[in-house]
Amino acid sequence: MPELPEVRTVATILKKELLNKKIMDIKVIYPKIISKDSLNINLLINKKLKDIKTNGKYILFDYDNYILISHLRMEGKYFIKDKAKPIEKHEHIIFIFDDNTSLRYHDTRKFGRVELIKKEELSKNKSISKLALEPFDIDINNLYQKIIKKKAPIKTILLDQTIISGLGNIYANEVLYDSEINPFKLGKDITLNEVKKIVDSAIKILNLAISNNGTTIRTYTATLGVAGNYQNFLKVHMKSGEKCPKCQNDIMKVKLNGRSTYYCKYCQK
DNA sequence: AACGAAACCTGCGCGC
DNA sequence: TGCGCGCAGGTTTCGT
């Protein structure tokens, strides 16, 4: 569940469900989920959750003096369960609270990571400090200057979280379709007006996706029981062979730097 | 320095 | 039925 709308959806629900719960115990079943730079996760025992925020695709659990940074990568999910329920396959970390509940980090592919840091270290954290602003906050001219320095295709650039944060493969495909830009167009050839279109499209698409609880595709278990609905709004992603809604030609599927890229070669020049 | 490819993992669907 | 391959919403590390 990983791009910005899905991460915000998860964070909103977790905040509602977990605020002020006190952690009584933590069971780590698969230790590699915890970053090697992390403080001992048991420092969270006896702490109460004060807030949950997000930054790009990161979820930040605020515990006063500490912050737990969580990235879901490809398949990370959180479930809230009665603490007596048996540990299921793919549950790697279990937080046990002072009522009868527990929070379970579930990750089929084990790509996700959590890292516990002191709060004052947040701005210099290796992952967080490199992050660019989200499309909602980004400065067009600043982004333009970064993009035209790049030789890589614009699709690849949009996936670079140090250039603009929050977009992943689905929304990068959708944003480039909406802004009518060919995903293969090189960064150095992108115009200021095209950067404006990209940011406008990104804000529009992400906001609509957030209000629909994100996108749920190819997923067997909805995180926290919440099924997103934005898959019903997708124009090109996973639509190869279907007709372009604008010109009725076929949507193409190609590989671009190893990622599936869907676009209309007539509308996206 | 900057780019693409491989690595990190598991499960599913498809063709043979 | 079983096997092998390709594929999946991401990021970091490794070569060139």
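As judged by a 4.0 angstrom heavy-atom cut-off over every strand, Tyr230(A) is placed among residues making no nucleic acid contact.
Side-chain nitrogen and oxygen atoms of Lys150(A) include at least one within less than 4.0 Å of the OP1 or OP2 phosphate oxygen of dC3(B). Within the structure, a side-chain polar atom (N or O) of Lys57(A) is placed less than 4.0 Å from OP1 or OP2 of dG10(C). One finds no side-chain N or O of Lys126(A) lying less than 4.0 angstrom from the OP1 or OP2 phosphate oxygen of dT12(C). Considering only side-chain N and O atoms, Gln161(A) lies nowhere under 4.0 angstrom from the phosphate OP1 or OP2 of dG10(C). The phosphate of dC9(B) (OP1 or OP2) has a side-chain N or O of Tyr30(A) nearer than 4.0 angstrom. A close approach under 4.0 Å does not occur between any side-chain nitrogen or oxygen of Lys151(A) and OP1 or OP2 of dA2(B). Residue His90(A) has no polar side-chain atom (N or O) positioned under 4.0 Å from OP1 or OP2 of dC9(B).
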Using nucleotides 5-8 of chain C, report all nitrogen or oxygen pairs with the protein that are shorter than 3.5 Å.
unit_1 : atom_1 : unit_2    : atom_2 : d
dA8(C) : OP1    : Ser260(A) : OG     : 2.1
dA8(C) : OP2    : Lys255(A) : NZ     : 2.8
dA8(C) : OP2    : Ser260(A) : OG     : 3.4
dA8(C) : N3     : Arg109(A) : NH1    : 3.4

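Of the candidates dG10(C), dT13(C), dC9(B), dG10(C) carries the atom nearest the His71(A) side chain, counting heavy atoms from C-beta on. When distances are taken from the side chain of Lys89(A) to each of dG11(B), dC8(B), dG10(C), the shortest belongs to dG11(B). Distance from the side chain of Lys110(A) is smallest to dT10(B) among dC8(B), dG4(B), dT10(B).
Surrounding CZ of Phe136(A) are more than 12 heavy atoms belonging to other residues, nucleotides or ligands, all under 6.0 Å away. Within a 6.0 Å sphere centred on NZ of Lys27(A), heavy atoms belonging to other residues, nucleotides or ligands number 12 at most.
Ser70(A) and Tyr105(A) are not linked by any side-chain donor-acceptor pair at a separation below 3.5 angstrom, with hydrogens and angles left out of the test. Between the side chains of Lys155(A) and Asn169(A), at least one donor N or O sits under 3.5 Å from an acceptor N or O. Residues Asn173(A) and His237(A) have side chains that bring a donor and an acceptor to within less than 3.5 angstrom of each other.
Protein atom NZ of Lys130(A) is 14 Å distant from nucleotide atom P of dA2(B), rounded to whole Å. Remark: C1' of dT11(C) and CG of Asn125(A) are 14 Å apart, rounded to the nearest angstrom. Look at CG on Leu72(A): it is 22 Å from P on dC8(B), rounded to the nearest Å. In this structure, NZ of Lys77(A) is placed 15 Å from P of dT10(B), rounded to the nearest angstrom. Taking atom NZ of Lys32(A) as the reference point, atom C1' of dT13(C) lies 13 Å away to the nearest angstrom. When the P atom of dC8(B) is taken as reference, atom CG of Asp107(A) falls 16 Å away, rounded to whole Å. Atom CG in Asn55(A) sits about 16 Å away from atom C1' in dG10(C), given to the nearest Å. Protein atom NE2 of His106(A) is 12 Å distant from nucleotide atom C1' of dG11(B), rounded to whole Å.
Of the charged side-chain nitrogens involved, at least one lies within less than 4.0 Å of a carboxylate oxygen, so that Lys243(A) and Asp250(A) count as a salt-bridged pair. Contact check on Lys15(A) versus Asp51(A) returns a salt bridge, with a Lys/Arg side-chain nitrogen under 4.0 Å from an Asp/Glu carboxylate oxygen. Classification of Lys126(A) and Glu115(A) as a salt-bridged pair fails, no side-chain N sitting under 4.0 Å from a carboxylate O.
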*Could you check Glu6(A) against Tyr171(A) for side-chain hydrogen bond (donor to acceptor under 3.5 Å, both in side chains), going step by step and ending with a plain yes or no?*
CA-CA 11 Å; Glu6(A) 294 76 31; Tyr171(A) 297 108; 2.7 Å; yes
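Centroid-to-centroid, the aromatic rings of Phe61(A) and Phe95(A) stay 6.0 Å apart or farther.
Remark: Lys47(A) fails to qualify as a cation-pi partner of Tyr66(A) under the 6.0 Å distance and 45° angle criteria applied to the six-membered ring.
Stem list for DNA chain B (at least 3 consecutive Watson-Crick or G-U pairs, distances under 3.5 Å): B:2-8 with C:10-16, B:10-16 with C:2-8.
In this structure, Phe111(A) counts as stacked on the base of dC8(B) under the 5.5 Å centre distance and 30° plane angle limits.
Look at the P atom in both dA5(B) and dC7(C): the space between them is 14 Å, to the nearest Å. Of the P atoms belonging to dT11(C) and dG11(B), the separation is 23 Å, rounded to the nearest Å.
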